[in-house]
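Note sheet for the following structure.
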Amino acid sequence: MLRKLAIAGILAAAGTAAFAQANTPGVDQRQVNQERRIEQGERSGALTAREANRLEAGQARVGRMEDRAKSDGVVTARERARLHKAQDVQSARIARQKHDRQRRR
């Protein structure tokens, strides 16, 4: 349920981004891709429920960062770089958790 709400939130943010002057299509697409990676890891058993919940919370943090960056209608180069850095960190966390040999039982 939480994952579906998170996906709906990401898609809603992507939809409203089209109307804002602060478009971040690369950031939005990466958020969607990383959410898919988390879901795939959960389905395959590579991620435990606890790991998946933590990773989803991290994705939500990046989403809030993006919302704050867009709040004034302009995403500056510095804000965009900060978003990409946060996504890099999340991507590494996803990879590390998916390959840490912990399995859902």
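All values reported here derive from a predicted model rather than from experimental measurement. By convention here, the first residue in the shown sequence is residue 1.
With sequence neighbours left out, the salt bridge (charged side-chain N to carboxylate O under 4.0 Å, His left out) criterion links Asp88 to Arg30. By the side-chain hydrogen bond (donor to acceptor under 3.5 Å, both in side chains) test, Glu42 is found to be paired with Arg3, residues two or more places apart in sequence or in another chain being considered.
Rounding to the nearest 0.5 angstrom, the gap separating the CD atom in Gln40 from the CG atom in Asn33 is 13.0 Å. Note: Leu55 CG to Glu35 CD = 9.5 Å, rounded to the nearest 0.5 Å. With rounding to the nearest 0.5 angstrom, the CZ atom of Arg36 is 10.5 Å from the CZ atom of Arg43. With rounding to the nearest 0.5 angstrom, the CG atom of Leu83 is 13.0 Å from the NZ atom of Lys85. The CD1 atom of Ile94 sits 4.0 Å away from atom CD1 of Ile38, with the distance rounded to the nearest 0.5 Å. Distance check: Met65 CE to Arg82 CZ gives 4.0 Å after rounding to the nearest 0.5 Å.
Side chains of Gln59 and Gln34: a donor on one and an acceptor on the other come within 3.5 Å.
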task = Check the pair Arg93 / Gln90 against side-chain hydrogen bond (donor to acceptor under 3.5 Å, both in side chains), numbers first and verdict last.
result = CA-CA 5 Å; Arg93 285 180 180 156; Gln90 279 304 114; 2.9 Å; yes

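A distance-only check finds no donor-acceptor pair linking the side chain of Arg37 to the backbone of Lys98 [under 3.5 Å]. At least one donor-acceptor pair closer than 3.5 Å links the side chain of Glu51 to the backbone N or O of Thr48. Using modelled atom types, one side-chain atom of Asp72 and one backbone atom of Val74 make a donor-acceptor pair closer than 3.5 Å. The backbone N or O of Val27 lies less than 3.5 Å from a partner atom in the side chain of Gln87, making a donor-acceptor pair. Under the 3.5 Å distance criterion, the side-chain polar atoms of Glu79 are matched with a main-chain donor or acceptor of Thr76.
With a 4.5 Å cut-off on side-chain heavy atoms, Glu66 and Val75 do not count as touching.
For the side-chain hydrogen bond (donor to acceptor under 3.5 Å, both in side chains) criterion with Thr24, the lone passing option out of Gln31, Lys70, Gln29 is Lys70.
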